[in-house]
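Heavy-atom basis, side chains included; hydrogens, waters and symmetry copies ignored. Chain identifiers are assigned alphabetically (A, B, ...) following the order of the sequence lines, protein sequences preceding nucleic acid strands; residue numbering begins at 1 within each chain.
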There are 2 protein chains.
Amino acid sequence: MGNRPKKNVTIYDIAKAANVSPATVSRVLTGNAKVSEEKKKLIMEQIEMYDFKPNALARGLSVNKSFTIGFIVPDIKNQYFSTVYYEFEKYALKNNYTALVANSQSNYERESQLLNMFLEKRVDGIVLMGGRVDTNSCDKKYYDEIEQINKIVPVVVTSKNENIKVPTVYLDEEQSIYDLISHLKSQNCSSVGLLCGYDNINVSFIRRKQFKEACKFYGLEMREEWIIDGDFSIEGGIRAMTKLSQCLKVPDAVCCINDMVAAGALNYVHANNIDVPGDILITGIDGSYICEAAYPQITTIQVDYESFARKVCQMLIDSINQTCINTEVPSKTNVIVRGSTRRILK
Amino acid sequence: MGNRPKKNVTIYDIAKAANVSPATVSRVLTGNAKVSEEKKKLIMEQIEMYDFKPNALARGLSVNKSFTIGFIVPDIKNQYFSTVYYEFEKYALKNNYTALVANSQSNYERESQLLNMFLEKRVDGIVLMGGRVDTNSCDKKYYDEIEQINKIVPVVVTSKNENIKVPTVYLDEEQSIYDLISHLKSQNCSSVGLLCGYDNINVSFIRRKQFKEACKFYGLEMREEWIIDGDFSIEGGIRAMTKLSQCLKVPDAVCCINDMVAAGALNYVHANNIDVPGDILITGIDGSYICEAAYPQITTIQVDYESFARKVCQMLIDSINQTCINTEVPSKTNVIVRGSTRRILK
DNA sequence: CACCTTTTAGAAACCGATTTCATCTTTTTG
DNA sequence: CAAAAAGATGAAATCGGTTTCTAAAAGGTG
């Protein structure tokens, strides 16, 4: 404790020890130029001997590249974001990138602060999930900031937002939502409520629209009063379900904006002795552990995290390497049917 | 797209524009030396004008400090780890640190690879959760590596492991485990099974020992055959519970090594029409969302994530600043009683 | 064997900050 | 009012890599 070596081994030390110039050591390190086998062997030996680790700060300064990506999520505790990051990191590491992860807590000022830190740290690219990206009602300056930053360093956002013109990878759940409604119909369901996030959150807005259309398409009733705003938490699900249950007529299925809300709805249902799936069907979106932990297990729209995250990473790397072609890539989902909507034995 | 400016604004540009030397600009940036108000104002204006962001790579190279922390977890999808990181990051940011997050997938070679990347990136400190830190049966070279790295850059690990002599912050659940068993007894429970992780995982080993002692203390039966190995997943919980149910006599309470396993146990129980808490009591550990999503909700040992993560961060920063005093700090937990063990109305 | 090409490797400049050292001014003090 | 102390600032070295430029050595060709 308290007596770590102050001096690191440098390329100069290795050069001296191997009796060559620093340039030659560098050539061995980068592999960017030919070095005779003889000297290469000598150098490698010394690198081994000294357990030399090239200083990435110096390298980064020199080549103007940090092999670091900034990754902003609203809240890494939310399994949706942690899973995307998990898969993203796998793919990024294969391409030699490490990621700085930061939680914006959906706070725009904090997001700005984090983006600035990332710029100072000279990240090679930035992934921005949630926060202002996911909102269509925040001050225009916040959208501008992202476009401005994208002019300096590649940015990829993960939500479709017409206000922000930067490369985007987004979840396309339309087909799944139709499939889900169709499935509910097959379970003798005739009316559907929606426990939704706020209207100004893009993902809520889009899903709400698609749910409405799907219900119309399959002829299921969906009243406006059954569409309840809320947040994305278990608590929010309980509150929303409480509100829904105060309607004169109650729908016989409830689609939730994510799995947490669905879990909250189930909480309410259990507390009030309502039978699922007997009295009411409940569905979530995301495909998180919660679905399997709940009882009955929750029917959900499963995100293909591996594929989604890979697309994000690939788009960012392409953008870094200036080989980016598409700027808006969808990622598909699929329905997983579980106990919360399984009424009819097949 | 494809035409980002190649040249960044540097301290030299600012110096030229403000008609001062780069040294003076630097003095303004760092605040390490007096600069006349007049020049300071001029410089600030130019910094504003150019939207100048100092290059952290250059600064890091110069002062030999990156203000970056490496954070290794086995799996950020696991809510225990993501919550610790979430709280850690809050605290780290206040101290101007950003964190590189990486998933080791509990793979030692990958862990080594990540540690090496961190060393190359000249992180100021490393937090190591899980993986080899949590295992007491892996090759000695893996423990040595951590001690070796701790000689180069401060490391904090989050699991008590006698094989590794580096600063440690760990969960001290002993009191909570006694409280939990006492609570079970109060619910007319007389025998306890344990769905545990493998014996070579420290956290399993310690908890198992403490559960045994607590049961002995309170006079609850705990047979060896009721202690079932497994992993830390829902699937693992189902498997373990299946195995437990094959015993001739079955305990009337089951304590699980974490909430996920408890959720798995509940899964089994539901599938087999066993009543919780009527026929059997089930408990978890961690205090994750899962507890509230499950039905009945799971009684658990709640980790105080904020306090735990703060201790980790503080210890690391102290270690970086050479002001580290303690090298082994416990963090308390407490029991939260929910439906899965509430038999008796109070 | 002389001439040209290719290969290999070192010297030195560069990336963009910080910091030491020296210089010049200004202020304090005896 | 001169000498000493304090304050502000610039020049230049430094951190540790990469890369360009150049020169020497090796190899190929007529």
The first and last nucleotides of DNA chain D lying within contact of chain B, meaning any atom under 4.0 Å from one of its heavy atoms, run from D/dA8 to D/dG16
Heavy-atom nearest nucleotide on DNA chain C taken for B/T30 and for A/A23; more 5' hit belongs to A/A23
May I ask you to decide if the ring planes of A/F71 and A/Y85 are parallel, tilted or perpendicular, using 30° and 60° as cut-offs? perpendicular
Indicate yes or no: at least one non-hydrogen side-chain atom of B/I72 is less than 4.5 angstrom from one of B/F118. yes
Please determine if B/R310 and B/E306 form a salt bridge, counting it only when a charged side-chain N lies under 4.0 Å from a carboxylate O. yes
What contact category does A/V20 fall into here, base, sugar-phosphate, or nothing, at under 4.0 angstrom with non-hydrogen atoms? sugar-phosphate
Quick check against the 3.5 Å criterion: does B/R110 have a side-chain atom that pairs as donor or acceptor with the backbone of B/N103? yes
Find the bend of the helix from C/dC1-D/dG30 to C/dG30-D/dC1 as the angle between its two terminal axes (five pairs each), to the nearest 10°. 40°
Is A/K151 salt-bridged to A/E147, going by a charged N under 4.0 Å from an acidic O? no
Among B/V127, B/V169, B/T168, find the one that has a side-chain contact (heavy atoms from CB on, under 4.5 Å) with B/M315. B/V169
Non-neighbouring partners of A/K39 that pass salt bridge (Lys or Arg N to Asp or Glu O under 4.0 Å), sequence neighbours left out: none
Hey, which of these two, A/K34 or A/Y12, hits DNA chain C nearer its 5' end, going by closest nucleotide? A/K34
Range on DNA chain C touched by chain A - first to last nucleotide, heavy-atom distance under 4.0 Å: C/dT8 to C/dG16
For B/R59, salt bridge (Lys or Arg N to Asp or Glu O under 4.0 Å) partners two or more places apart: none
Result for 5'-nearest mapping on DNA chain D, choosing between A/S62 and B/S62, is B/S62
Determine, step by step, whether A/E120 and A/N116 satisfy the side chain to side chain donor-acceptor pair (under 3.5 Å) criterion, reporting the C-alpha distance in whole Å, the side-chain angles of both residues, the deciding distance to 0.1 Å, and the verdict. CA-CA 6 Å; A/E120 293 198 355; A/N116 265 303; over 6 Å; no
Once you apply a heavy-atom cut-off of 4.0 Å, does A/S26 come out as touching a base, just sugar-phosphate, or nothing? base
Acceptor/donor pairs from residues 130-139 of chain B side chains to any protein atom, 3.5 angstrom cut, sequence neighbours excluded:
from   : atom 1 : to     : atom 2 : distance (Å)
B/R132 : NE     : B/E111 : OE1    : 2.6
B/R132 : NH1    : B/Y142 : O      : 3.1
B/R132 : NH1    : B/E145 : OE1    : 2.5
B/R132 : NH2    : B/Y108 : O      : 3.0
B/R132 : NH2    : B/S112 : OG     : 3.2
B/R132 : NH2    : B/E145 : OE1    : 3.4
B/D134 : OD1    : B/S159 : OG     : 3.0
B/D134 : OD1    : B/V203 : N      : 3.4
B/T135 : OG1    : B/Y108 : OH     : 3.2
B/T135 : OG1    : B/G131 : O      : 3.0
B/N136 : ND2    : B/N202 : OD1    : 3.2
B/S137 : OG     : B/N200 : ND2    : 3.0
B/D139 : OD1    : B/K141 : N      : 3.1

Counting the atoms with a prime plus P, OP1 and OP2 as sugar-phosphate, which does B/V35 contact under 4.0 Å by heavy atoms, base, sugar-phosphate, or nothing? sugar-phosphate
Would you check if the side chain of A/T83 reaches a backbone N or O of A/Q79 as a donor-acceptor pair within less than 3.5 Å? yes
